[in-house]
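The structure appears right after this line, and notes come after that.
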Amino acid sequence: MQPVLNIDDVKRVEVALTREGVSVSELMHRAGLAAAQEVLELGEMDNVVVLAGMGNNGGDGWVAAEALRAQGANVTVVSPVEPDALPGDLPRQVAQSAVRAGASVLVGPSRDELDDLLATADVALDCMLGTGFHGEVRAPFDIWIECLNASTARVVSVDVPSGLSAQTGLAAEACVVADMTVTMLALKPGLLTDDGRDVCGAIVVAPLAEQTDRLVVDEDPVAWRTDLADYLEALLPRTSAVDKFSRGSVLVVGGSRRYPGAAIMAALAAARMGAGYVTLATPASAAAVAQAHLLEIPVVPLPEDADGTLTADARDVVCKLAERSSAVLVGPGLRVSGGTCAVVSALLGMDVPLVVDADGLNCLARLTNGALPQYPEIIRRSAPLVITPHRGELARLVGRPAGGVSSLSDQLDAARDIVWADGGSELVVVGKGTATCCVSVERAVLPKPGPAALATAGSGDVLAGMMASAIAQRSEADVDPALLAAYVCEVHAYAGTLAAERRGSRAVMASDIIDVVGVASDAVDAHVAYPDGPAGE
Ligand SMILES: NC(=O)C1=CN([C@@H]2O[C@H](COP(=O)(O)OP(=O)(O)OC[C@H]3O[C@@H](n4cnc5c(N)ncnc54)[C@H](OP(=O)(O)O)[C@@H]3O)[C@@H](O)[C@H]2O)[C@@H](O)CC1
Ligand SMILES: Nc1ncnc2c1ncn2[C@@H]1O[C@H](COP(=O)(O)OP(=O)(O)O)[C@@H](O)[C@H]1O
Ligand SMILES: [K+]
């Protein structure tokens, strides 16, 4: 797994490195050399343009310029001011050194001059704005970014594409779209989510010092990005010595007269993910339509009110069914009412592995007055509990205003508020978004996100069914619950990719994802077990 650090923690690693004798000047040199090295590895990059800003990100660029010139490249550095006029000591010193070494400099070019220069470039190094960037991009960089994005040069961004917040992943109106980002010391959350996913290109981490790995871990990374090989311990069993019950039985409690489909999709996804026996319990008036869609899955009708939503009387039947299940999912399509809250509350009080999604989470928000971290006793239990909120649901659970969870960084913060309040190892918060985090009290795991095709109604219901299915199949095993949850997200993501290939990237609907869950999980498992292809091939 690769550690991911918040920007403030990156700065602390920088300070720790200086304490261990690696000065900021030395770090800047190594950063510039690392960027230059990546350019050299692209091959045949004779004409290089370096767009340098006024801070240390610009300093990295001047160092790279000098190094590339020493390797025989034609290098022109574009700067807003004369090198001697750079305000920071370090950037000024490295700029003066690059000029002494013969780098050409173009100061404050017009748009046309910059366009002409970039037209000659094989590669452009983007060193305008790094982690010190804030607000909207000011002149001249807004214009430089437009010119760069319009050019045909390969773009290598240093540390972070200029205009992207490396913390939030949100891009300013002007933002570089890079082919590659060489980021210093460690991954940052903003590179992995939202606009960051579109603008970073390939990401290379430059550690800069041999102490970095240790110091990064000392800073308690905000998350860990998984590699496929990390999932080995999370794979679902493939033994032949099973029957349909020992393969895991899942109870899905969901649906309403208004929303029968969500629960149907969750039940189907649970079956496609490998559970041997799935049961759907749904309000009576949703049961007929559900049964018509579910040939292999028994549907149990439950007491409902005039709106076709569960009443509290459903609790007894639900709890009896739950007792016989290896895992339960509650929520998809349920709606929020006194009755549904009573059912969610009863399930939370049981000793059965539980996944809470969608309206199950909204019930949980209501049961805790929109402040779940203040009522940890409601979710404290001995059996596993996985809650799968998207950003809106997560905001509601922790009492933030609508829109108050708007980045991966916010997802991680809010999820941590919940798991730390709970304090138990049974709880995982799967904070969903354009990138998803699986957070337990032990650590936060970031599975590889899927395509935007997953942003379609019902996609979350599919994930929730898959999650309950995986937990049912691994109920006996000692596996890191956050890793197991991340494995399920990884399969969901890959199913999204397969569905997009099959249906077209904008055409995927949730049932298309369900159709390929099985082949996606086989493919992910094969990659995990045999990263270099099956043995003997
Ligand atoms: N951490 C490490 O270990 C290492 C870090 N290193 C490097 O240092 C970088 C961080 O350097 P940094 O702190 O100097 O900030 P940086 O990104 O150059 O930006 C500051 C400049 O941008 C300007 N500026 C800001 N916002 C703006 C806007 N909206 N529009 C326009 N301008 C704006 C700001 O102006 P000001 O706001 O002060 O007026 C100031 O001039 C980091 O990304 C990495 O590359 C490596 O050298 C070594 C190892
Ligand atoms: N832009 C995106 N890129 C990748 N995955 C996404 C994107 N948008 C949403 N997803 C994923 O799709 C799923 C959507 O879940 P959710 O919001 O609960 O949908 P619904 O409630 O409609 O079922 C989550 O797994 C989420 O991580
Ligand atoms: K940059």
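Everything numeric here is computed off the predicted structure, so don't read it as measured data. Ligands are counted one by one from 1 in listed order, and the atoms in each one are counted from 1 as well.
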- [ ] Determine if the distance from atom 38 (O) of ligand 1 to the closest protein heavy atom is below 4.0 Å.
- [x]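 Given the 4.0 Å cut-off, atom 38 (O) of ligand 1 does not count as touching protein heavy atoms.
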TODO: Look up atom 34 (C) of ligand 1 and tell me if a protein heavy atom lies less than 4.0 Å from it?
DONE: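 Not a single protein heavy atom is under 4.0 Å away.
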In terms of residue, atom name and distance, what is the protein heavy atom nearest to [atom]?
| atom | value |
| --- | --- |
| atom 43 (O) of ligand 1 | D159 OD2, 2.6 Å |
| atom 7 (C) of ligand 1 | D60 OD2, 3.3 Å |
| atom 26 (N) of ligand 1 | H134 N, 3.3 Å |
| atom 9 (C) of ligand 1 | N57 N, 3.6 Å |
| atom 36 (P) of ligand 1 | R138 NH2, 3.8 Å |

Task: pair L42-M45: side-chain heavy atoms closer than 4.5 Å - done: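 In short, these two side chains touch, coming nearer than 4.5 Å.
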Open item on the list: Contact between V445 and C437 at the side-chain level, heavy atoms closer than 4.5 Å - yes or no?
Closed with: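 Not in contact.
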Would you check if the side chain of [X] reaches a backbone N or O of [Y] as a donor-acceptor pair within less than 3.5 Å?
| X | Y | answer |
| --- | --- | --- |
| Q167 | I7 | yes |
| N149 | E146 | no |
| R30 | L208 | yes |
| T212 | L185 | no |
| H293 | L268 | no |
| E490 | K448 | yes |
| S157 | A178 | no |
| R92 | L86 | yes |
| D159 | M184 | yes |
| Q411 | S406 | no |

Which atoms from ligand 1 have a heavy atom of [X] less than 4.0 Å away?
| X | value |
| --- | --- |
| E14 | 1 (N), 2 (C), 3 (O), 4 (C), 5 (C) |
| V10 | 1 (N) |
| M54 | 41 (O) |
| E136 | 28 (C), 29 (N), 30 (N) |

Quick check on the K ion (ligand 3): does [X] put an N/O/S atom closer than 3.4 Å to it?
| X | result |
| --- | --- |
| G53 | no |
| M128 | no |
| G130 | no |
| D159 | no |

Who's closest to [atom] heavy-atom-wise, of [options]?
| atom | options | value |
| --- | --- | --- |
| atom 8 (O) of ligand 1 | V158, N56, I7 | N56 |
| atom 19 (O) of ligand 1 | G132, A186, A52 | G132 |
| atom 32 (N) of ligand 1 | L129, L5, V22 | L129 |
| atom 20 (C) of ligand 1 | A31, A16, P80, G55 | G55 |

Task: Where the K ion (ligand 3) is the vertex, angle from N57 OD1 to L129 O to 10° - done: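 Result: 70°, to 10°.
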- [ ] Just to the nearest 10 degrees, tell me the angle at the K ion (ligand 3) spanned by V158 O and S162 OG.
- [x]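 Angle O(V158)-the K ion (ligand 3)-OG(S162): 180°, rounded to 10°.
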TODO: Going by the side chain to side chain contact (heavy atoms under 4.5 Å, CB included) test, name the single residue among L394, L364, V398, V429 that passes it with L372.
DONE: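 Option passing the side chain to side chain contact (heavy atoms under 4.5 Å, CB included) with L372: L364.
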[atom1]-[atom2] distance between [X] and [Y], expressed to the nearest 0.5 angstrom:
| X | Y | atom1 | atom2 | value |
| --- | --- | --- | --- | --- |
| L329 | T388 | CG | OG1 | 7.5 Å |
| T309 | Y259 | OG1 | OH | 10.0 Å |
| D126 | M128 | CG | CE | 4.0 Å |
| I418 | S440 | CD1 | OG | 13.0 Å |

Open item on the list: Does any N or O of ligand 1 fall below 3.5 Å from an N or O anywhere on G130, backbone included?
Closed with: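 Yes, there is a polar N/O contact under 3.5 Å.
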Open item on the list: Using a 3.5 Å cut-off on N or O atoms only, is V24 in polar contact with ligand 1?
Closed with: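 No.
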[X] contact mode with ligand 1 (heavy-atom cut-off under 4.0 Å):
| X | answer |
| --- | --- |
| T131 | both |
| R30 | neither |
| L27 | both |
| L185 | side chain |

Task: Closest D126 atom to the K ion (ligand 3) [N, O or S only] - done: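 Result: O.
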- [ ] Would you please determine whether K11 falls within less than 4.0 Å of ligand 1 on a heavy-atom basis?
- [x]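 In this structure, K11 fails to qualify as a contact of ligand 1 - no heavy atom is under 4.0 Å.
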Open item on the list: Using heavy atoms and a 4.0 Å limit, tell me yes or no: is M184 in contact with ligand 1?
Closed with: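 The answer is no: ligand 1 sits nowhere under 4.0 Å from a heavy atom of M184.
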TODO: Determine the minimum heavy-atom distance between V250 and S469, stating which atoms define it.
DONE: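 Here V250 and S469 meet closest at CG2-CA, 3.7 Å.
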TODO: Taking atom types as modelled, find out whether E393 and H390 have a side-chain donor-acceptor pair closer than 3.5 angstrom.
DONE: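 The answer is yes; a qualifying pair exists.
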Open item on the list: Taking non-hydrogen atoms within less than 4.0 Å of ligand 2, which protein residues qualify?
Closed with: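 Contacting ligand 2 under 4.0 Å are R197, H390, K432, G433, T434, T436, G450, P451, A452, L454, A455, T456, A457, G458, S459, G460, D461, L463, H492.
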Task: side chain to side chain donor-acceptor pair (under 3.5 Å) evaluation trace for K188 with T131 - done: CA-CA 10 Å; K188 292 101 189 163; T131 52; over 6 Å; no
- [ ] May I ask you to check whether over 12 heavy atoms, not counting those of E26, lie within 6.0 Å of atom CD?
- [x]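 Buried by this count: over 12 neighbours within 6.0 Å.
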